[in-house]
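Note sheet for the following structure.
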Amino acid sequence: MPLERLVLILIAVIAAAGATLWLGWLLLVAVGVSPWAGMTLAVPTALVAYIVARVIGERLSNREDDHYDRIEK
């Protein structure tokens with residue numbers, strides 16, 4: 001595994017852990033203020049999930065990147 005791929009995976013894992021903690025903290029604060037305030041977090045969470053899904057989908061279906069995978073080093 002190339003070093004750049006390993007670093008990318010580590011950064012993605014750290015960012016996902018940070019985002020999870022941040023969203024959990026927001027949810028706890030929102031529920032502490034009002035039980036209905038937690039519903040307001042659904043829209044930003046859905047937006048972020050949609051963007052992440054689109055980025056991953058684009059990355060997996062990009063034929064230009066696949067071209068370089070077949071080149072022998």
Side-chain angles (χ1 to χ4, degrees):
M1 177 182 305
L3 180 61
E4 59 197 25
R5 186 171 290 173
L6 178 63
V7 171
L8 179 63
I9 290 170
L10 288 174
I11 289 173
V13 168
I14 291 170
T20 302
L21 291 174
W22 179 68
L23 283 174
W25 177 78
L26 278 177
L27 182 64
L28 286 175
V29 169
V31 170
V33 172
S34 169
W36 291 103
M39 293 300 292
T40 61
L41 292 176
V43 173
T45 303
L47 180 62
V48 168
Y50 174 74
I51 292 171
V52 168
R54 289 293 305 257
V55 167
I56 291 172
E58 176 67 28
R59 175 64 181 102
L60 291 176
S61 66
N62 191 349
R63 294 202 182 269
E64 289 181 17
D65 288 339
D66 293 341
H67 169 73
Y68 295 107
D69 290 339
R70 281 180 252 149
I71 295 177
E72 293 185 27
K73 295 180 183 177

State yes or no: do [X] and [Y] share one hydrophobic cluster built from I, L, V, M, F, W and Y residues joined by side-chain heavy-atom distances below 4.5 Å, directly or via other members?
| X | Y | answer |
| --- | --- | --- |
| I56 | V48 | yes |
| L23 | V29 | yes |
| L47 | V55 | yes |

- Rounded distance (nearest 0.5 Å) linking atom CG of L3 with atom CG of L8: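 These two atoms lie 11.0 Å from each other.
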- Query: Quick one: which of V13, V7, I9 gives a side chain to side chain contact (heavy atoms under 4.5 Å, CB included) with I11?
  - Reply: V7
